[in-house]
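The chains referred to below are lettered A, B, ... by the order of the sequence lines, with proteins before strands, and numbering in each begins at 1. It should be emphasised that the depicted structure is a prediction, and the values quoted were computed from it without experimental measurement.
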2 protein chains.
Amino acid sequence: MAKHDTQLSDLFHALADPTRRQMLTRLAEGPAPVSELAGPTGLRLPTVMRHLSVLEEAGLIATTKEGRVRTCAIVPEALVPMRSWIDEQRAVWEARLDRLDTYVMNLMKEREQ
Amino acid sequence: MAKHDTQLSDLFHALADPTRRQMLTRLAEGPAPVSELAGPTGLRLPTVMRHLSVLEEAGLIATTKEGRVRTCAIVPEALVPMRSWIDEQRAVWEARLDRLDTYVMNLMKEREQ
DNA sequence: GTCATGCTTAGCCATATCGCTAACTATCGC
DNA sequence: GCGATAGTTAGCGATATGGCTAAGCATGAC
């Protein structure tokens, strides 16, 4: 909730791109080298690299290099902060709706009398 | 999950900006006119307007104009698609982790013998 | 060593984003 | 009507984003 909450911004921003989401869903099946991630996208390697570094800087994936092959894998905990934010918001929003309900119901009760 | 899933992209993109999240948390307390949203941000009105239209196009808020005052309010259902996506991902990611656990455990059992 | 493979870096281009000012429109209060 | 108030529109400039090509490096196969 801080002003400088760049973690959330980075996460949301990383997920705002369909290509990056596509890569993530591929990675959900298991780790993969860069070129395998590039394949389905139809994008060139340098472009893919940029997407991957966005994902990595957001903490959504981790990569390791062995020989000339860089393997990418998902970081499952990465979604937590985002999920928390959404849940918090939802809680507040719905609480407000509930209060609104109560308010409306009270209005209606008053009118019944 | 479609290729052209711009809804998710729009949602994530809208939330990727701290200013917009700030506006949303303010709106969580209840509807507010444009200038009241502008206040805390320290931004000029036209800038605020742009942020608001991003939020509105993403379906996160709804606005109505009465007289010269435009009132903005949250759309609570708006978070649903995003939450679903995250939950789906989490499910798959964790399932994979579970399978990995089983795999590792099997490996260990085999070694024990 | 030589060549292919797999990634990486540098740098270009088009477009989008985020801030601003200036000028305009449309109410509301008197 | 007249001035103040609340948005709105148009358009500018700086920077970020997302794509590319070309060239460079490191490793594996021979």
Reference residue Leu37(A); test side-chain contact (heavy atoms from CB on, under 4.5 Å); the match among Thr19(A), Leu27(A), Leu55(A): Leu27(A)
Phosphate contact (dT21(D) OP1 or OP2) by Arg44(A) side-chain N/O below 4.0 Å: yes
Touch class at under 4.0 angstrom, heavy-atom based, for Pro46(B) against every strand present: base
Arg21(B) side chain to Asp5(A) backbone, donor-acceptor under 3.5 Å: yes
Shortest non-hydrogen separation from His51(B) to Arg20(B) and the atoms involved: ND1-NH1, 3.1 Å
Whether Trp85(B) and Phe12(B) hold their rings parallel, tilted or perpendicular, with breakpoints at 30° and 60°: perpendicular
Rounded interatomic separation in angstrom, taking CE from Met49(B) and P from dT9(D): 6 Å
Asp10(A) CG - dA16(D) P separation (whole Å): 13 Å
Arg70(A), nearest nucleotide to its side chain (from dT8(C), dC20(C), dG19(D)): dT8(C)
Nearest-angstrom distance from the residue atom CZ of Phe12(B) to P of dT17(D): 17 Å
Nucleotide dT27(C), atom C1' - distance to CD of Glu66(B) in whole Å: 13 Å
Arg68(B) CZ to dG3(D) P, straight-line distance once rounded to whole Å: 15 Å
Any His13(A) side-chain nitrogen or oxygen under 4.0 Å from OP1 or OP2 of dT17(D): yes
Any Lys65(A) side-chain N or O less than 4.0 Å from OP1/OP2 of dT8(C): yes
Nearest heavy-atom neighbours spanning Ala58(A) and Leu11(A): O-CD2, 3.5 Å
Value in whole Å for how far the P atom of dC20(D) lies from CZ of Arg50(A): 12 Å
Short side-chain N/O contact from Thr47(B) to OP1 or OP2 of dC20(C), under 4.0 Å: yes
Atom-to-atom span, CG of Asp17(A) to P of dA16(C) - whole angstrom: 14 Å
Contact under 4.0 Å: Arg20(B) side-chain N or O vs dC18(C) OP1/OP2: yes
Rounded interatomic separation in angstrom, taking CG from Leu45(A) and P from dA23(D): 17 Å
His51(B) side chain near dT17(C) phosphate (N/O to OP1/OP2, under 4.0 Å): no
